[in-house]
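Chain identifiers are assigned alphabetically (A, B, ...) following the order of the sequence lines, protein sequences preceding nucleic acid strands; residue numbering begins at 1 within each chain.
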Amino acid sequence: MKTSLWLLDINGEFIQGNPEIRLWGLDGEGRRILVRDSRLLPYFYLVLNGTRESEDIANEIEKTHLPSLEKVDVVNRRYFGKQVKALKITVRDPSLIEGYVKKLAKVHGVETHLEDDLRYSYRYLVDNGVSPCHWHEVDVEEVRNDLKASVEAVYRAESTPKLGEKADSPSMRVLSLSMMAHSPTGAPKPDNNPVDIISCATNSGETKQFATGNKDDEPTLEAFIKYLRDFDPDIIATFGGNTFEWPFLLERAKRSGLKLQVDRLDTEPHRSAYGHISITGRANVDFSDFSDEIGEVKVKSLENIAAFLGLPEATAPIIEDVDYADYWNDPKRRPELLEFSMRRARLILGLADELLGFAEELSSLSGLPLDQVGAAAVGFRIESYIIRQALNYGELIPQRLERPYFPYQGGIVLNPKPGLHEDVAVLDFKAMYPNLMITYNISCDTYIAPKEPTPPEGVNAAPEVGHRFRKEPPGLYSRVLKELIQTRDRVRVEMKGLKPGDSAYRIRDARQRAIKVMTNAAYGYAGWVGARWYIRPVAEAAAAWGRYTITRAIETARKMGLDIIYGDTDSVFVKYDRGKTDRFVREVEAEMGLEIRPDKVYRRVLFTEAKKRYAGLLEDGSLDIVGLEVARGDWTELAKDVQEGVLGILLRDKDPEKAAAYVREEVSTLRAGKVPLRDLTIWKTLTKDPKEYAVRVAHVEAAKRLAEKGWEVTTGDKVGYVIAKGEGKLYQRAVPYAFASPEEVDLKYYEEQQILPSALRVLSMFKITEKQLQP
DNA sequence: GCTGGGCTCTTACCC
DNA sequence: ACGGGTAAGAGCCCAGCG
């Protein structure tokens, strides 16, 4: 028989001497199914150096009679675009590969070993072109559910699952989860502190809460496990669950002698690829992993992200984690905490509703399973996409190597013309680096090293740096990028016929955004020393062609008499003249073979002398503020609000005096103590362990003060602090936001080091001085 | 012992 | 754990100082 399968989760096992892939998903009838496939044996390659006959080496290896060795095949492949002979070594037990590689790589005539570092389950996806979050057709035979898997049917695969047409996801059960615990001495630790509250919300509209009555959380955990298994979610949504909820719950369960059996088999959640927590048969998605995609939100808390997405309840009052214990221990206030926890579960569910589509698209495009794709860094997502394409071209997958890092020259940034300009158009090259890579065939497998002869088909040589790339055939990057760009264009055309807000539109929008993310990542990937296909000249050449392109565009504009105000990497800001601009666009496109388009037109735009910082008034009357304090997360809300107010007055009214008066008002408000603590808080990221800093800085000192009280902050966390009155350096006066009180705040600091600099940054252009900003 | 200029460290932005 | 280019604040160092 045949079944359709929408792939939700995959895992590889080795049982009774055989490797087995388990594909978990849904079928066309919406049933949960498990497809077991033992038809693919794991393998790796030995690349040969040509000093011996391939068959001789193959024979030698076969004669070793390694117990799990199945087969040795001589094959032709490509490696960085060059033809190579390789041996494909097929092995039955994936866990033995590592040992075999060590042994066989030493055989005379073997240059290197490849693809032994791919997980078996990932190998299966890549080899068969099977995609997570995608429909497949597969020939199957129904078998007994002897694994006791929580599914409606178990099958044995009798064919390779065949990728079906791109179609809507099946309707799935989503459960969100938020947990709370407390300690009298700081952050809760699972070895000492019980779980207080577990809140769940489901996309069927249910909410459910489990709270611990006394100190014994065993009944809480038991009830939660039972509830989760009964609901049987396909997707488990958390916000930070990979680092907080799951490790905590696992430890608590262990202490009670309970099994945290929340999967579709009989195992427990476990840490797996990219550090995510895997729950067999389901997709455990930690939505905090997607908060990087939302650049507008600087402090990436659940509430802030939910508020940005416009979710109901997102702006209701927050209970800070330092206050949990007080709420929990006070019978009058405990209900508030319970409600707060429940609200978090609802917000996570809302986040899942907003972001799951994007996550699914990213998963199906990259080929990384849904539970992994968020946890995987951008470089690994694009690499996964490239790996899948490489297979189609017979290109072997290089190892991941540790390499030294040497910087190279990047894009050009022009000095802006300072001042207020009327009618300025921003023209930018559409997807400049990807298109350069396509146009000049810049790729890891088309690069011709300096000592190599010029191939007959000819080369493109990069300006300035001289790196050469063969003109034919199209390289891996070229093909990958062409396909991505074409697919995105197609999706966007489809969107034109749909209503925004419709689910069909939303799905396609998520899809085109996922494709854009991947397309834009390709150039960065090429220059990343951690990339499997890293070749520095690839990135260096793309950057050089970028400089060449923008320089030529600037020359063209000058010749035409277009007044250039500014430019950065792939954009030029010109005094807007409809006729000249149209001609400029046509001319540049004809000359460079790259598309350049007016991105936006400013009615008025303000530059200081600094690059990468400006503010403009768009034609719809809105402000567009770039690079300035308003756009930064490490300035107080106060300073940002004042600067935004100033910019609004300058750009709309062209009245510096009025702006100065506005600043004086704001200073008075501050002096009167009317600015809330929240707006005086500075948030900065801890980029390394507090011990590793070479100098003493405020946010690190604040982090240490948090740690002293048991609130450990770790690398990657944002620390909020305020500056208190007193003597000494700023770092000596940094008080963690959570411990700060309004009375101790040093208002003078906020006036002199926050409001004044951010206001003067733009007002000094108009000869307004500090004195004029004093009330 | 203090001051101020300049360098360094650090963060977060732009494209 | 994707690239380089850039601004900016605060700490730190030390020459110069009757």
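- In the set C/dA7, B/dA12, B/dC15, C/dA7 carries the atom at the smallest distance from any side-chain atom of A/R613.
- The listed nucleotides are B/dA12, C/dG3, C/dA10; the one nearest the side chain of A/Y408 is C/dG3.
- Here A/R761 lies in heavy-atom contact (under 4.0 Å) with sugar-phosphate atoms only.
- An OP1 or OP2 oxygen of B/dT11 is reached within less than 4.0 angstrom by a side-chain nitrogen or oxygen of A/H699.
- What separates CZ of A/R403 from P of C/dA1 is a distance of 17 Å, to the nearest Å.
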Where do A/R613 and A/E629 land on the salt bridge (Lys or Arg N to Asp or Glu O under 4.0 Å) test, with the steps shown first? CA-CA 9 Å; A/R613 314 184 116 218; A/E629 281 70 11; 3.5 Å; yes
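- In this structure, the CD atom of A/Q754 is 14 Å from the P atom of C/dA8, given to the nearest Å.
- Rounding to the nearest 0.5 Å places OG of A/S272 at 4.0 Å from CZ of A/R119.
- Closest to the side chain of A/W635, from the set C/dA1, C/dG9, B/dC15, is C/dG9.
- When heavy atoms are screened at a 4.0 angstrom cut-off, A/Q753 is found touching the sugar-phosphate backbone but no base atom.
- If you find the closest nucleotide of DNA chain C to A/V378 and to A/P757, the one lying nearer the 5' end belongs to A/V378.
- A cation-pi arrangement, defined by a distance under 6.0 Å to the six-membered ring centre and an angle within 45 degrees of its axis, is present between A/R479 and A/Y393.
- If you take CZ of A/R632 and C1' of C/dG9, they are 10 Å apart, rounded to a whole angstrom.
- Of all nucleotides listed (B/dT11, C/dG4, C/dG11), C/dG11 comes nearest to the side chain of A/V695.
- With rounding to the nearest 0.5 Å, the separation of OG1 in A/T685 from CH2 in A/W683 is 10.5 Å.
- Within the structure, a side-chain polar atom (N or O) of A/K298 is placed less than 4.0 Å from OP1 or OP2 of B/dC13.
- Side-chain N/O atoms of A/K688 include none lying less than 4.0 angstrom from OP1 or OP2 on B/dT11.
- For C/dG4, one of the phosphate oxygens OP1 or OP2 lies less than 4.0 angstrom from a side-chain nitrogen or oxygen of A/Y405.
- Atom CG in A/L368 sits 9.0 Å away from atom CG in A/L125 (nearest 0.5 Å).
- An OP1 or OP2 oxygen of C/dC12 is reached within less than 4.0 angstrom by no side-chain nitrogen or oxygen of A/K729.
- When distances are taken from the side chain of A/A610 to each of C/dG11, C/dG5, C/dA7, the shortest belongs to C/dA7.
- A/E540 places its CD atom 15 Å from the P atom of C/dG3, with the value rounded to the nearest Å.
- For the atom pair CG (A/D509) and CZ (A/R492), the distance works out to 9.5 Å, reported to the nearest 0.5 Å.
- For the OP1/OP2 pair of B/dA12 and a distance below 4.0 Å, the side-chain nitrogens and oxygens of A/T685 include at least one atom meeting the criterion.
- We find that CD1 of A/I550 is positioned 12 Å from P of B/dC15, with the value rounded to whole Å.
- Considering only side-chain N and O atoms, A/Y749 lies nowhere under 4.0 angstrom from the phosphate OP1 or OP2 of C/dG9.
- Both tests do not hold together for A/K684 against A/Y721: distance to the six-membered ring centre under 6.0 Å, angle to the ring axis within 45°.
- Residue contacts for A/T687: at a heavy-atom cut-off of 4.0 Å it reaches the sugar-phosphate backbone alone, with no base atom in range.
- With rounding to the nearest 0.5 Å, the separation of CD1 in A/I535 from CZ in A/F469 is 8.0 Å.
- Regarding A/I755, its CD1 atom lies at a distance of 15 Å from the P atom of C/dG9, rounded to whole Å.
- When the C1' atom of B/dC14 is taken as reference, atom NZ of A/K600 falls 11 Å away, rounded to whole Å.
- The residue A/V697 sits apart from the nucleic acid: no heavy atom pair falls under 4.0 Å.
- Using a 4.0 Å cut-off, no side-chain N or O of A/Y731 falls inside it from OP1 or OP2 of C/dG9.
- Look at CH2 on A/W533: it is 18 Å from P on C/dG3, rounded to the nearest Å.
- As judged by a 4.0 angstrom heavy-atom cut-off over every strand, A/K612 is placed among the base-contacting residues.
- Across all strands, A/F380 comes closer than 4.0 Å to base atoms (heavy-atom distances).
- Among the atoms of the strands shown, none is found under 4.0 Å from any heavy atom of A/G530.
- The side chain of A/R696 approaches C/dC12 more closely than any other nucleotide in the set B/dC15, B/dA12, C/dC12.
- Residue-level contact check: A/A539 touches neither bases nor backbone, having no heavy atom under 4.0 Å from any strand.
- Listed nucleotides: B/dT10, C/dC12, B/dC14. Nearest to the side chain of A/Y693: B/dT10.
- In this structure, A/G524 reaches the bases: a heavy-atom distance under 4.0 Å links it to at least one base atom across the strands shown.
- Residue A/W528 places its side chain closer to C/dA1 than to any other of C/dA1, B/dC15, B/dT11.
- A/Y274 comes within 4.0 angstrom of nothing in the nucleic acid, heavy atoms only.
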